[in-house]
There are 2 protein chains.
Amino acid sequence: MIEIQACLICPFKSTAAKVLSDDELTLMGDNCAQATFKKGNTIFKQGIFSSNIVYLKEGIVQMHIEGPTNEQIIKIAKGPTYLGIPTTLDEKYNRYSATALSEVHACFINISTFKTFVQENGQFAYEIILDLCKNEVNLFNKCVNRVQKHIRGRVAEAILFFSHEIFDSNSFDLPLTRSEFGNFVASTRETISRIMTELHTEKIILLKGKHITILDNKRLHLISRSG
Amino acid sequence: MIEIQACLICPFKSTAAKVLSDDELTLMGDNCAQATFKKGNTIFKQGIFSSNIVYLKEGIVQMHIEGPTNEQIIKIAKGPTYLGIPTTLDEKYNRYSATALSEVHACFINISTFKTFVQENGQFAYEIILDLCKNEVNLFNKCVNRVQKHIRGRVAEAILFFSHEIFDSNSFDLPLTRSEFGNFVASTRETISRIMTELHTEKIILLKGKHITILDNKRLHLISRSG
DNA sequence: TTACAAACGTAATTTATATCACATTTTTAA
DNA sequence: TTAAAAATGTGATATAAATTACGTTTGTAA
C-alpha cells in the first residue's frame, strides 16, 4: 500500500523537517511515498540498490547486517526517526537491512530531493548532522558495553533499553524471540532463557512469556552498570 | 605550540574544506589554531568542555572512551580526517578522548565558524554528512566483527587494518603496546602475545618486537574472514 | 481437534579465552 | 652504568558462556 504523502501537514515531522519551508515540504511530499509494513516485513534489504532515504514515522524496527558467521542485529529503533541515511547516502546499495518489529509506517524520500534540502537549507543539514553525531556517540557506548559487560549486565541493559527508549513503560511485550534477543545482546537463546528466569526468580522482573514487567528498577540498573 | 593557520593554502584540506570558497577558507584560517602533539599526548579528553571541531591534519590517533570497567579504544584514525565532530557538535563536553599515537598536527576549528559553513555552504554540509555516514557504516561492521569473530580473526583483522588503512604497507611498527592492542581487539595482553607468536611461527607474519611484516597476505585474510 | 513446527526451558558438557603466576626482555630515569 | 619500571612471553588454571541434548509449551495450519 503506497500513497503520496502530504509532508506539509504530517504530524510526525523530524526535527530536521520542521525547519523546512512550506514550499520545501510540498516538494518533499511530491517526492515521497509512504508504505505500511506488518511485523516481520522487510523494509529494506542489505545489498539491494536504493534511491530513497527511509524515514520511520511510526513503529519499531530492527536493523541487521550480515556478519562473518550470521545475521546480526545492530540496532533497534522507534519512530519517528530516519532509518537509512548512512546506508543510502554513502553507497548506492544498502549496507544493512531493516525489518519491522511492529506495524510500521515509513516514508521513502527521493534521495536527490533530500540532497537538495541538505544543500540548500543549512539548518536542515545541521539537524541531520546532529542526528548522525548522536547516533555515532550512542554506537560508541553500545560497543564498549558489549565488550566490557557480562551477559547479565547486557541483558539488564537491553531490558532497560526497551523500557526507556522503546516503550516508555516498565511493562511491555518484548518484540523479539529469545533467539533474537540473544542475538541483539551478542549471546544465545539458552543463556537469555537462564538469565531471564534468574531475574524473575530474584523478583527483579516479572516474566510471563514475552511480557516483561520491571519490578526492581534500582537493582536492574545496578546489574546493568556493574555488568 | 599554537599558531594561526592559513587554511587557504593548506595542503591537507578535507574533502569538505575543498568546496569552501577562498573567503570562507580565509575566515576558517582566522578561527582556527594548529597544535602539535607528541606520541602519548592527549588531544582532547572525555568530559571536558569543548568549543572546537578537531581536524587531524597528519598523524595517527586513538579514540577511547570510559567503559563500565576500564578505558576502551573505540577507533584508530589517520590524518587527514575530522576527529571530533560527534563529540563536539552533539554535546557541550567531549564524549570520548583522543590521544596521539604518533607525532600529530591537528587544527582546532572554532565550532561556531564550522557551524556557519554547514549552514551556509550546502556542499560543505553534504560532504560532512557523507563522512559521518561512512563512519557509521564502518562502525556497524566493526561491531559485528567484534561480536562474531574469534580473537585470532580479530587480531588478523587488526593487523590488516594497520597495514591497509594506516601505513599503506605490509611492513610497519605497531604504534600500540601488546596491552593496548589487546584492548583494541577486545582481548588481553597475554592472548595477543600468544596469537602473535602463533602467526609468526606459522610464517604468516614476521614479528620483531613492535615491528610487523606481513608474509602471507592470503592466509592472513583467510584467518580474518573465517574468524 | 489434531498434527506439526516453532519457540522455549533447563541440565550436562565443552571450550575459548581470561586470569594468574612468574621469568625474561626492553625502556626509562637517576 | 646501574637500578627501577614497564613491557613482553609463556605455561598452568579458572571460568563465563557456548554448545549439546532433550523435554515442554505455544502457536498455527490442516
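Convention: sequence-line order gives letters A, B, ...; per-chain numbering from 1.
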- Task: Output the residues of residues 175-191 of chain B in contact with DNA chain C, where contact means a heavy atom of the residue under 4.0 Å from an atom of the strand; sort by number or write none.
- Result: B:A186, B:S187, B:T188, B:R189, B:E190, B:T191

- Task: Applying side-chain contact (heavy atoms from CB on, under 4.5 Å), name anything that partners B:R146, two or more places apart in sequence or on another chain.
- Result: A:V147, B:Q72, B:K142, B:R154, B:A186

Atom pairs and distances, donor-acceptor, side-chain atoms in residues 187-196 of chain A, under 3.5 Å, two or more places apart:
unit_1, atom_1, unit_2, atom_2, d
A:T188, OG1, A:T191, N, 3.4
A:T188, OG1, A:T191, OG1, 3.1

- Please identify each residue that fulfils side-chain contact (heavy atoms from CB on, under 4.5 Å) with A:P175, with sequence neighbours left out. A:K39, A:L101, A:F162, A:F167

- Atom pair CD1/CD of B:I43 and B:Q62 - distance to nearest 0.5 Å: 9.5 Å

- Query: C:dC8 phosphate, OP1 or OP2: any side-chain N/O from A:K210 under 4.0 angstrom?
  - Reply: yes

- Message: Listing request: all side-chain hydrogen bond (donor to acceptor under 3.5 Å, both in side chains) pairs with a residue in residues 212-222 of chain A, at least two apart in sequence or in separate chains.
- Response: A:S171-A:T213, A:D216-A:R219, A:N217-A:H221

What are the atom names and distances for every N/O pair under 3.5 Å that joins the protein to nucleotides 23-30 of chain C?
none

- Task: Find the distance B:E198:CD to D:dG9:P and express it as a whole number of Å.
- Result: 13 Å

- Item | Value in whole Å for how far the P atom of D:dT10 lies from CG of B:L199 | 13 Å

- Message: Tell me the interatomic distance from B:R194, atom CZ, to C:dA18, atom P, rounded to whole angstroms.
- Response: 9 Å

- Message: Quick one: does any side-chain atom of A:N41 pair with a main-chain N or O of A:K38 as donor and acceptor, under 3.5 Å?
- Response: yes

- Query: With distance as the sole test, does A:H200 use its side chain to make a donor-acceptor pair with the main-chain N or O of A:L206 at under 3.5 Å?
  - Reply: no

- With B:N145, which residues qualify under side-chain hydrogen bond (donor to acceptor under 3.5 Å, both in side chains), at least two apart? B:E157

- Task: Could you list the residues that satisfy side-chain hydrogen bond (donor to acceptor under 3.5 Å, both in side chains) with A:Y82, not counting sequence neighbours?
- Result: A:S14

- Considering only heavy atoms from C-beta outward, does the side chain of B:D168 approach that of B:K78 to under 4.5 Å? yes

- Query: Which residues within residues 144-159 of chain A lie with some heavy atom under 4.0 Å of an atom in DNA chain D?
  - Reply: A:H150, A:I151

- How about A:C107 and A:C7, are their SG atoms within less than 2.5 Å of each other? no

- Sequence neighbours left out, what passes side-chain hydrogen bond (donor to acceptor under 3.5 Å, both in side chains) with A:R152? Give chain and number order. A:E198, A:E202

- Item | Rounded distance in Å - CD1 (A:I192) to P (C:dA7) | 16 Å

- Message: The criterion is side-chain contact (heavy atoms from CB on, under 4.5 Å); which residues satisfy it with A:S226, sequence neighbours excluded?
- Response: none

- Query: End-to-end bend of the helix from C:dT1-D:dA30 to C:dA30-D:dT1 (five-pair axes, 10° rounding)?
  - Reply: 50°

- Task: Could you state the atom-to-atom distance from CD1 of A:I195 to C1' of D:dA16 in whole Å?
- Result: 10 Å

- Rounded distance in Å - CE (B:M196) to P (D:dT10): 13 Å

